Amino acid sequence: MTFGDNLRDLREMHGYSQLELSKMVGVSAVAISQYEIGSRAPTVFVAVKLARILGTTVEELVTAKE
């Protein structure tokens, strides 16, 4: 699993839409979509905010899982 897969899975587990998560993080819904499909990477600041909101760590978000 990639960062995007991890992000999507956690977002869905928390019941957030891409738009809802984007508003909480302060980025566009398009940015969340791009993070999830892997065409764009978040800044470290955004990755930290994503991890906090989703109740995980940046390390867990970026670690590939089997």
Side-chain angles (χ1 to χ4, degrees):
M1 293 181 77
T2 64
F3 169 82
D5 295 328
N6 294 338
L7 176 59
R8 184 191 63 247
D9 289 349
L10 283 166
R11 175 181 59 76
E12 290 175 349
M13 186 176 79
H14 283 83
Y16 300 137
S17 68
Q18 289 180 341
L19 181 60
E20 290 169 326
L21 183 58
S22 73
K23 288 180 180 179
M24 289 185 266
V25 176
V27 298
S28 68
V30 170
I32 298 294
S33 174
Q34 290 173 334
Y35 301 155
E36 290 183 1
I37 64 173
S39 66
R40 179 176 171 188
T43 64
V44 172
F45 179 74
V46 170
V48 168
K49 286 181 83 172
L50 286 166
R52 286 184 182 156
I53 290 166
L54 297 172
T56 192
T57 64
V58 173
E59 182 178 39
E60 286 292 319
L61 271 176
V62 301
T63 301
K65 298 175 186 157
E66 296 181 19

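Predicted model, so just to flag it, every value in this text is computed and none were measured.
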Rounded to the nearest 0.5 Å, the CG atom of L7 sits from the CD1 atom of I37 at a distance of 12.0 Å

Is the backbone N or O of T63 less than 3.5 Å from a side-chain atom of N6, with the two atoms forming a donor-acceptor pair by type?
yes

R40 CZ to S33 OG distance, which is reported to the nearest 0.5 Å
10.5 Å

Identified side chain to side chain contact (heavy atoms under 4.5 Å, CB included) counterpart of L10 within the set E12, R8, M13
M13

Taking every heavy atom of T57 against every heavy atom of A51, the minimum-distance pair comes out as C-CB, 3.6 Å

Please report the interatomic distance CG(L54) to CZ(R52), rounded to the nearest 0.5 Å.
12.5 Å

Before you tell me yes or no, could you show the steps for L50 and F3 under side-chain contact (heavy atoms from CB on, under 4.5 Å), namely the whole-Å CA-CA distance, both residues' side-chain angles and the distance that decides it to 0.1 Å?
CA-CA 11 Å; L50 286 166; F3 169 82; 4.3 Å; yes

So, do I32 and L19 sit near enough that their side-chain heavy atoms are less than 4.5 Å apart?
no

Walk me through it: do R11 and E20 pass the test salt bridge (charged side-chain N to carboxylate O under 4.0 Å, His left out)?
CA-CA 10 Å; R11 175 181 59 76; E20 290 169 326; over 6 Å; no

Any chance you could lay out the side-chain contact (heavy atoms from CB on, under 4.5 Å) test for K49 and M24, step after step, and finish with the verdict?
CA-CA 9 Å; K49 286 181 83 172; M24 289 185 266; over 6 Å; no

Atom CG of L21 and atom OH of Y35: how far apart are they, to the nearest 0.5 Å?
9.5 Å

